[in-house]
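This report concerns only the one structure given below.
Just so you know, these numbers use all the heavy atoms, side chains as well, and skip hydrogens, waters and symmetry mates.
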Amino acid sequence: MALRLFNSRSRSLELFVPIEAAEVSIYVCGMTPSWHPHIGHARTFLTFDVLRRHLMAKGRKATYVQNITDIDDKIIERAAAEHEPWEAIVRRYYGEYEACARRLGLLEPDVSPRATEHVPAIIAMIRGLVESGAAYETSDGVYFAVERFPAYGRLSNRQIDELRAGARIAVREEKHDWLDFALWKKQKPGEPAWPSPWGDGRPGWHIECSALAREYLGDQFDIHGGASDLIFPHHENEIAQTESLTAREPMARIWMHAGLVMVDGQKMSKSLGNFLPLTTLLDRYPAAAIRFLFLQTGYRKPTNFTEDAVEAAVKGLRGLYAELDALRLRSSNGRPALSGGSSDSAFDDFEAYLDDDLNTAGALGWLQKTMRGGLVTPTLVDRCLNVLGLPLRGADAGFDSPSREVRLDEPARRALRELTDDRPASDAALVERVLALRGAARTAKDFATSDKLRAALAAAGISIKDTKDGTDWSLDGHR
RNA sequence: GGCGACAUAGCCAAGUGGUAAGGCAGAGCUCUGCAAAAGCUCCAUCCCCAGUUCGAAUCUGGGUGUCGCCUCCA
């Protein structure tokens, strides 16, 4: 089986042939921690997480570099707005990202390099570009001269002249060309700065990725990824910088871009500010359901994110685990689940979907169909779930386990206390106590009392369900 | 205006020449004191028009529509 990936640069599906067969090198643009991580970050990094898992399942080692752009205009703005040092802003929001990444089950990058810790490498690269004439200095910085790079526009399929035609009236530009972009920004009062041959300042956006990718993966590597909003200008500029300097192309064999997430049919963006922090979302829904949601869609398609969609994903995932439990039960009862074909060939079927440009939606459909038909063993399902990064058990995904930590609001607590004689220590114990009373009433067939207690719990925001193993309960809106 | 992507049931979504995966919702049934959960069953001819072909959701041409990028963004 051979992996085929859609290469943005050629706009076609290509057979993936790594530079070195055994080890794949991947660079993905990470986040600029100037604000809360959002659902779009989750989609992008989930995409590349599945790519890594799939490569690993195929027996390849993947070196994965995901940078942190820890200095830029937005961070400086944010720091000013919050009256804090820029480092504190970075620490807060990147820390938040890391927590979300853990909850989503993202494999840790092999390297998470920071722009500010690689200023010398960045300066060296800019110096090289200046010396070769591809960049020039002005009073406020150092700029890359786009006209010196003939392939400019190839990734984003754009004609340089057309880009120029769309230019706004330049106000203060000392730039030779409207398209030229900053490699180095000279310090303005109050801004953080690092020393350089062009005076104190900081790296422009774009150069850090060129420098970091080169530092850890070399002049040329296999896959460069990010979300599709980075194609222009960010990735276009990266290519211009790196390939001008090294005179080797392509910088990356395959350029992969994840589709954007929209909210309520509208593009989500920093400037519109129309997004929910990821943390809030993960507090409301199981992280595995968020992963499942995106696995159901091709990674390149723009996706409209809605509450309904997450809720459908929660239900769908719960159903998958129910199916899996049933399969495990059947197979432990001595009924060999597999009728025809070996387990390996079934896994091949599964992998074939992922080989087809990471068709996770198709893979998921296949998995559910074969599970229902009893055509796979639980062990095989486990392997598949591992590749997709989903927990192997529903309980680990946040299903089926009652909330142990509960905080009732005061009126609810008072109402429940009136129903019992003793004074349980915690809210959870209080709920358990009321449930016990209801259980007793049910045993005595006193359904009037039983229903009254159910209603009281519902009023306190607790929903319950009877199962053959006892009564399960949860706070509404959780799990 | 330029470039690009997409258009499959109420919703989400696979499928790239051989007669429409999967999920959610909905309907029916089983189970059930109630409420859930779970199980079984049912539920589309693929935006429009014209072609190519024995055969097209899948290829070609022409429409229409939606979205994205062209400015900070995953």
Worksheet item: So which nucleotide from B/A74, B/C24, B/U71 ends up closest to the side chain of A/W178?
Response: B/U71

Worksheet item: Hey, does the side-chain of A/R11 have a donor or acceptor N/O within less than 3.5 Å of a partner on the base of B/G4?
Response: no

Worksheet item: Rounded to the Å, how far apart are A/I160 CD1 and B/C69 P?
Response: 22 Å

Discussion item. Does this structure show an ion pair linking A/R148 with A/D177, if we count only N-O contacts that are shorter than 4.0 Å?
Written reply: no

Fill in: Distance in angstrom units between A/L230 CG and B/G68 P, rounded
17 Å

Fill in: Shortest side-chain distance from A/K301, nucleotide among B/G33, B/C6, B/A38
B/C6

Worksheet item: Of the nucleotides B/G23, B/G33, B/A38, which one has an atom closest to the side chain of A/R318?
Response: B/A38

Item to complete: Choose from B/A74, B/G39, B/C72 the nucleotide whose nearest atom is closest to any side-chain atom of A/E323.
Response: B/G39

Worksheet entry | Any A/N359 side-chain N or O less than 4.0 Å from OP1/OP2 of B/G15 | yes

Worksheet item: Does B/G4 have OP1 or OP2 sitting under 4.0 Å from an N or O in the side chain of A/R9?
Response: no

Worksheet item: To the side chain of A/T297, which of B/A74, B/A38, B/A13 is closest?
Response: B/A13

Worksheet item: Whom does B/C34 pair with, Watson-Crick or G-U wobble, provided both distances fall under 3.5 Å?
Response: none

Item to complete: Just compare B/C72, B/A38, B/A74 and give me whichever is closest to any side-chain atom of A/T32.
Response: B/A74

Practice prompt. Assess whether side chain to side chain donor-acceptor pair (under 3.5 Å) is satisfied between A/D72 and A/T32, documenting all intermediate values.
Written response: CA-CA 8 Å; A/D72 96 317; A/T32 300; 4.9 Å; no

Item to complete: With C1' as the reference atom in both, quote the distance from B/U45 to B/C40 in angstrom, rounded to an integer.
Response: 26 Å

Discussion item. What is the distance, to the nearest angstrom, from the CG atom on A/D161 to the C1' atom on B/G2?
Written reply: 12 Å

Discussion item. Under 4.0 Å from OP1 or OP2 of B/C3: is there any side-chain N or O of A/N157 that close?
Written reply: no

Worksheet, complete the sentence: Paired to B/U16 by Watson-Crick or G-U wobble criteria (both distances under 3.5 Å) is none

Worksheet entry | B/C11 to B/G26 separation - P atoms, rounded to the nearest Å | 15 Å

Discussion item. Taking the C1' atom in each of B/A20 and B/A56, what is the distance between them to the nearest angstrom?
Written reply: 12 Å

Worksheet entry | Which nucleotide in B/A14, B/C34, B/C72 has an atom nearest any side-chain atom of A/A361 | B/A14

Worksheet entry | Inter-nucleotide P distance (B/C42, B/G4), Å rounded | 45 Å

Worksheet item: With both distances under 3.5 angstrom, what nucleotide forms a Watson-Crick or G-U wobble pair with B/G68?
Response: B/C3

Worksheet item: Picking from B/C69, B/G33, B/C72, which would you name as closest to the side chain of A/F447?
Response: B/G33

Discussion item. Could you tell me how far apart A/R328 (CZ) and B/A38 (C1') are, to the nearest whole angstrom?
Written reply: 17 Å

Worksheet item: Taking NZ, NE, NH1 and NH2 as the nitrogens, is one of them in A/R91 or A/E96 under 4.0 Å from a carboxylate oxygen of the other?
Response: no

Worksheet item: Whole-Å distance between B/G22 P and A/L390 CG?
Response: 19 Å

Worksheet item: Is the shortest distance from a Lys or Arg side-chain nitrogen in A/R442 or A/D451 to a carboxylate oxygen in the other one below 4.0 Å?
Response: no

Worksheet item: Can a side chain N or O of A/K315 be found less than 4.0 Å away from OP1 or OP2 on B/G23?
Response: no

Worksheet item: Can a donor-acceptor pair be found between the side chains of A/S112 and A/Q66 at a distance below 3.5 Å?
Response: no

Worksheet entry | Selected nucleotide, minimal atom distance to A/R158 side chain, candidates B/G2, B/A74, B/A38 | B/G2

Discussion item. Could you walk me through whether A/E307 and A/Y285 satisfy the side chain to side chain donor-acceptor pair (under 3.5 Å) test, starting with their C-alpha distance in whole Å, then the side-chain angles of each, then the deciding distance to 0.1 Å, before giving a yes or no?
Written reply: CA-CA 10 Å; A/E307 297 270 302; A/Y285 302 98; 3.0 Å; yes

Item to complete: Output the single nucleotide from B/G23, B/A13, B/A38 whose closest atom is nearest the side chain of A/Q296.
Response: B/G23

Worksheet item: Is A/R300 close enough and on-axis enough to A/F6, meaning under 6.0 Å and within 45°, for cation-pi?
Response: yes

Discussion item. Any N or O donor-acceptor pair under 3.5 Å from the base of B/G4 to the side chain of A/S156?
Written reply: no

Discussion item. Let's test your reading of the model: under 3.5 Å, does the base of B/G33 pair with the side chain of A/D451 as donor and acceptor?
Written reply: yes

Worksheet item: Does the B/A35 base have a donor-acceptor partner in the side chain of A/R454 within less than 3.5 Å?
Response: yes

